[in-house]
Novice: 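Got a structure for you, written out below as structure tokens; questions coming shortly.
Order of the sequence lines fixes the chain letters, A, B, ..., with proteins taken first and strands second; residue numbering starts at 1 for each chain.
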There are 2 protein chains.
Amino acid sequence: MATIYEVSALAGVSLSSVSRVLNDHQHVSEKTKKKVMAAMQELGFRPNTVARSLASNRSNCIGILVDELHGPFYGTMLSAIETELRQAGKHTIVAAGHSNEQSEQEGIDFLIDRNCDALIMLVDALSNDYLIKLSNSKTPFTVLNRQIPELEGNCFYLNNELGGYLATKHLIDNGHKQIAYISGPLSKQDATDRFNGHQRALQEAKLDYNPALFFEGDFLIQSGRDGMNTLLKQKACFTALACANDEMAAGAMKATRDQGFNIPEDYSIIGFDNVFFTEYLYPQLSTVNFPIKDMAKMSSQWILKQVYKHKDIEITNLFQPTLIPRESVAKI
Amino acid sequence: MATIYEVSALAGVSLSSVSRVLNDHQHVSEKTKKKVMAAMQELGFRPNTVARSLASNRSNCIGILVDELHGPFYGTMLSAIETELRQAGKHTIVAAGHSNEQSEQEGIDFLIDRNCDALIMLVDALSNDYLIKLSNSKTPFTVLNRQIPELEGNCFYLNNELGGYLATKHLIDNGHKQIAYISGPLSKQDATDRFNGHQRALQEAKLDYNPALFFEGDFLIQSGRDGMNTLLKQKACFTALACANDEMAAGAMKATRDQGFNIPEDYSIIGFDNVFFTEYLYPQLSTVNFPIKDMAKMSSQWILKQVYKHKDIEITNLFQPTLIPRESVAKI
DNA sequence: GTGAAAGCGCTAACAG
DNA sequence: CTGTTAGCGCTTTCAC
């Protein structure tokens, strides 16, 4: 593998000149630039990224830390980030935190040690305090799906409350008056925000909130099944169900059918997130779109702008959900 | 950030000694080892990975190249690889090739330039020839879901023929005699292997293969819909359908119901891959398991063994599919 | 067992 | 606009 050294020799210029054209510096004459380029071409020169990192203290690597690598959400996110970053010549290093505080901290260290220029995180085990402390270190980072007031500019998040509102409103607009709700773990901000939105829609329509129609799940499919089974068993009746995410909605659909009911004839169901498999379900699940792709892209752009000084990038931190009506909600 | 230099000063030993304990070399006295460790602790020393890479020409990074980062398959794979590699202290750099030959080649260059110690690839646009040529370069690699005779030891693949056989056999065992088939693009090896397995099962049961009951899809959901719609329209009748992957099976289920038929009462359907959402479908999709997780793990271990000289690792290149009977296939 | 010294390939002042 | 000169932080011969 040829080095910058051999290039400089062949081109008959100094090391620095080669380095300059390599880094697109201004103040290089067209002539030497041409000579250098030709020499690089001839030698099949490929710059050694590691050496560049060491000398410049820049790795051109962005670390991505997520709870899990599998699941419908993360793939979409990774894909959007990788696409955006790679076309800017940046690499993506991934690490999973497995929703475990210690493991997530290790993941961060892992990524920082690797000299990542910046981090993108979608994690929930890490405390706000930890993240705030981290913001004083030299590695800039971005946080997805989380709003931390002290770190406002670094956070890219959804108006979850509005999403929750939209979902329940859609049910109400279809004539439903008794609406059950399966939430995510209320210890998580996004879960409570969505639930608050649900309640706001109820109030707005002057519908009473009935605690018997509430079930707290954990965002996983099984809790959707458990939730719907529980709801179906209690006495208060209802005609529609809003779930705080699509996985739980899928579980609820299963439970509903296992009990011999039809969707949406007997029960209308709406999810949240609009993950790709919602279209595969039968009936196709009505849901609320979570623009994870846009958010992932935006946070990549934030890094491009902050860390690599790209210009002309408009940053938005707050994203809006939209209703995706499909087949699982019917008029009553 | 403390350097090895400060550690050596504080410990009162030379640079080399510090380096030795850092790298777990033999021939270091317990005493100096202790002193060094203490000094590191005190200074909160964290070795600079980049400098180590440059000096040792080892990055402890494994590059992963996949067609796409989203989709049900890749997440599972990435997750298994990251878990396995990270606990060995290795990092994972990902790149997507977008099923485009040039883009995949760029992905490889990208990863090699980044000084990856090895590569794991799950790609289909790259030709065997290209891969064979690549095997002469200094970066070892592994190929998933693909069998290249010249690169036998580097390939980790499924017995797709057997999988195809198992699926159709399951249909036959349930009494079906007219079985339709929606294949993947026959230009791809895995698609033809699966299809061959289908035909073998037919022959074995002395059932005639009817070309009218065949549709060539592209592994995406829409082609499953198109396929089933086409099959339903032609005159030859059938009672069961085997699909070369789960996405197409999901599409076929949709088409079946859109035409007013029930699954499995009117048509039994079986998929292939056993991706996570097959359990979310209604009815739950019977399918054939593709042990992508095991394969991903095994290929990580191959790298650990070949590149990092870990011992006691048994390598298997060929994996076996298994039948996963669920609800979408009924006796006739 | 330990230390000295020479790089790994490149960037970045600093002169000119 | 170009060349000289130090390093970046660590590994690795090679002596001792």
Novice: Can you measure B:R114 atom CZ to C:dC10 atom P for me and round it to whole angstrom units?
Specialist: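 Between P of C:dC10 and CZ of B:R114: 13 Å.
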Novice: Output the rounded distance in Å from NZ (B:K35) to C1' (C:dT2).
Specialist: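 In whole Å, C:dT2 C1' and B:K35 NZ are 11 Å from each other.
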Novice: Around atom CG of A:N136, are there more than 12 heavy atoms of other residues, nucleotides or ligands at under 6.0 Å?
Specialist: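 Enclosed.
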Novice: What contact category does B:N48 fall into here, base, sugar-phosphate, or nothing, at under 4.0 angstrom with non-hydrogen atoms?
Specialist: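 Answer is sugar-phosphate: B:N48 comes under 4.0 Å of backbone atoms only.
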Novice: On DNA chain C, nearest-nucleotide positions of B:S17 versus A:A2: which is more 5'?
Specialist: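 Looking at DNA chain C, the more 5' nearest nucleotide goes with B:S17.
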Novice: Can any side-chain N or O of B:N317 pair as donor or acceptor with the backbone N or O of B:G153 at less than 3.5 Å?
Specialist: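 Here the side-chain-to-backbone pair exists.
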Novice: Please enumerate all residues that pass side chain to side chain contact (heavy atoms under 4.5 Å, CB included) together with A:S29, with sequence neighbours excluded.
Specialist: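 A:S29: side chain to side chain contact (heavy atoms under 4.5 Å, CB included) contacts with A:K31, A:T32.
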Novice: Any donor and acceptor pair, going by atom type alone, linking the side chain of B:S135 with main-chain N or O of B:I132 inside 3.5 Å?
Specialist: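 Pair found, side chain donor or acceptor close to backbone of B:I132.
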Novice: Look up atom CG in A:L15 and atom OH in A:Y5, then write down how far apart they are to the nearest 0.5 Å.
Specialist: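 These two atoms lie 6.0 Å from each other.
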Novice: What is the distance from CZ of B:R58 to C1' of C:dC8, rounded to the nearest Å?
Specialist: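 Result: 15 Å.
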Novice: Nearest 0.5 Å, what's the CZ-CZ distance between B:F319 and B:F290?
Specialist: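 Going from the CZ atom of B:F319 to the CZ atom of B:F290 covers 9.5 Å.
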Novice: Tell me what A:V13 touches on the nucleic acid: a base, only sugar-phosphate, or nothing, going by heavy atoms under 4.0 Å.
Specialist: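 The answer is sugar-phosphate, as A:V13 gets under 4.0 Å only of primed atoms, P, OP1 or OP2.
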Novice: About how many Å separate CD1 of A:I62 and CD of A:E84, when rounded to the nearest 0.5 Å?
Specialist: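 Rounded to the nearest 0.5 Å, the CD-CD1 separation comes to 11.5 Å.
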Novice: Near DNA chain C, counting only heavy atoms under 4.0 Å, which residues of residues 36-46 of chain A show up?
Specialist: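 DNA chain C contact set from residues 36-46 of chain A: A:F45.
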Novice: Provide the full list of side-chain hydrogen bond (donor to acceptor under 3.5 Å, both in side chains) pairs with a residue in residues 142-153 of chain B, sequence neighbours left out, each pair given once.
Specialist: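 Non-adjacent pairs meeting side-chain hydrogen bond (donor to acceptor under 3.5 Å, both in side chains): B:N128-B:R146, B:N145-B:D190, B:Q147-B:Y157, B:E152-B:Y157.
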Novice: Where along nucleotides 11-16 of chain C does protein come under 4.0 Å, by heavy atom, of base (B) or sugar-phosphate alone (S), with - for untouched nucleotides?
Specialist: BBB---
Novice: At what angle, to 10 degrees, do the two end axes of the helix from C:dG1-D:dC16 to C:dG16-D:dC1 meet, given five pairs define each axis?
Specialist: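 That helix has its two terminal axes inclined by roughly 30°.
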Novice: B:R52 and B:N23: side-chain hydrogen bond (donor to acceptor under 3.5 Å, both in side chains), yes or no, with the steps?
Specialist: CA-CA 10 Å; B:R52 296 180 88 170; B:N23 293 284; 3.1 Å; yes
Novice: Between OG1 of A:T92 and CD1 of A:I81, what distance do you get to the nearest 0.5 Å?
Specialist: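 With rounding to 0.5 Å, OG1 (A:T92) is 7.5 Å from CD1 (A:I81).
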Novice: Rounded to the nearest 0.5 Å, what separates atom CG in A:D67 from atom CG in A:L126?
Specialist: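 It is 9.5 Å, given to the nearest 0.5 Å.
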Novice: I'd like to know if the side chain of A:T49 reaches the main chain of B:D113, judged simply by a donor and an acceptor atom lying under 3.5 Å from each other, with no hydrogens or angles considered.
Specialist: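 Side chain of A:T49 to backbone of B:D113: a pair is present.
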Novice: What is the first contacted nucleotide of DNA chain D and what is the last, in 5' to 3' order, if contact means an atom lying under 4.0 angstrom from a heavy atom of chain B?
Specialist: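 Span of nucleotides near chain B: D:dG9 to D:dT12.
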Novice: A:S103 side chain to A:S99 main-chain N or O, any donor-acceptor pair under 3.5 Å?
Specialist: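 No.
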Novice: State whether B:S14 places a side-chain N or O below 4.0 Å from either non-bridging phosphate oxygen (OP1 or OP2) of C:dG3.
Specialist: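 Yes, because at least one side-chain N or O of B:S14 sits under 4.0 Å from OP1 or OP2 of C:dG3.
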